[in-house]
Trainee: 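Got a structure here, written out as structure tokens. Questions coming.
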Amino acid sequence: MFKRLMTVAALALTMGAVACTAEVEEEGKLPDVDVQGGEMPKVDVDPANVEVTTDTQTVVTPEVNVTPAAP
């Protein structure tokens, strides 16, 4: 019941949106904007000390036996 109601509501909204028409009566225009110079903030950054190394490890994996099903 709820699913049917949602479908009908979605259909009604779609029909309402399709039935609208719009005509441009007057072209728009972007506003004029003047930009003055500014100043970037001063930031004191202490970067983290990161040390990257590599290591070799042996990983034991289980043995998997696959037997195909009989036809």
Side-chain angles (χ1 to χ4, degrees):
M1 179 71 177
F2 180 72
K3 208 176 220 185
R4 177 179 272 174
L5 180 63
M6 291 302 293
T7 303
V8 170
L11 182 60
L13 286 172
T14 303
M15 293 297 284
V18 172
C20 295
T21 59
E23 294 181 21
V24 178
E25 296 178 6
E26 189 174 312
E27 291 293 323
K29 181 182 172 188
L30 293 175
D32 294 329
V33 179
D34 292 329
V35 179
Q36 299 293 327
E39 186 176 315
M40 293 293 292
K42 294 179 181 169
V43 180
D44 182 22
V45 178
D46 295 326
N49 186 12
V50 178
E51 189 175 316
V52 179
T53 62
T54 60
D55 191 14
T56 304
Q57 296 287 323
T58 302
V59 178
V60 179
T61 57
E63 183 179 325
V64 178
N65 295 318
V66 177
T67 305

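If you read the sequence from its start, that first residue is 1, and numbering goes on from there. Being a predicted model, the structure only gives us computed values, none of them experimental. The figures that follow rest on heavy atoms only: side chains count, while hydrogens, waters and symmetry mates do not.
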Trainee: Ignoring hydrogens and angles, write down the donor-acceptor pairs under 3.5 Å from the side chains of residues 34-59, residues two or more places apart or on other chains.
Mentor:
residue : atom : partner : partner atom : Å
D55     : OD2  : Q57     : NE2          : 2.9

Trainee: Which Ile, Leu, Val, Met, Phe, Trp or Tyr residues join V66 in one cluster when any pair of side-chain heavy atoms under 4.5 Å counts as a link?
Mentor: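 For the cluster that includes V66, the remaining residues are V64.
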Trainee: Let me have the donor-acceptor pairs involving side chains of residues 23-33, under 3.5 Å, with sequence neighbours excluded, atom names and distances please.
Mentor:
none

Trainee: Apart from V60 itself, what residues make up its hydrophobic cluster, given side-chain heavy atom links below 4.5 Å?
Mentor: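 None, because no other hydrophobic side chain comes under 4.5 Å of this residue.
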Trainee: If you link ILVMFWY side chains whenever their heavy atoms are less than 4.5 Å apart, which other residues fall into the same cluster as L5? By chain and number, please.
Mentor: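 Reading the cluster by chain and number, L5 sits alone, since nothing else belongs.
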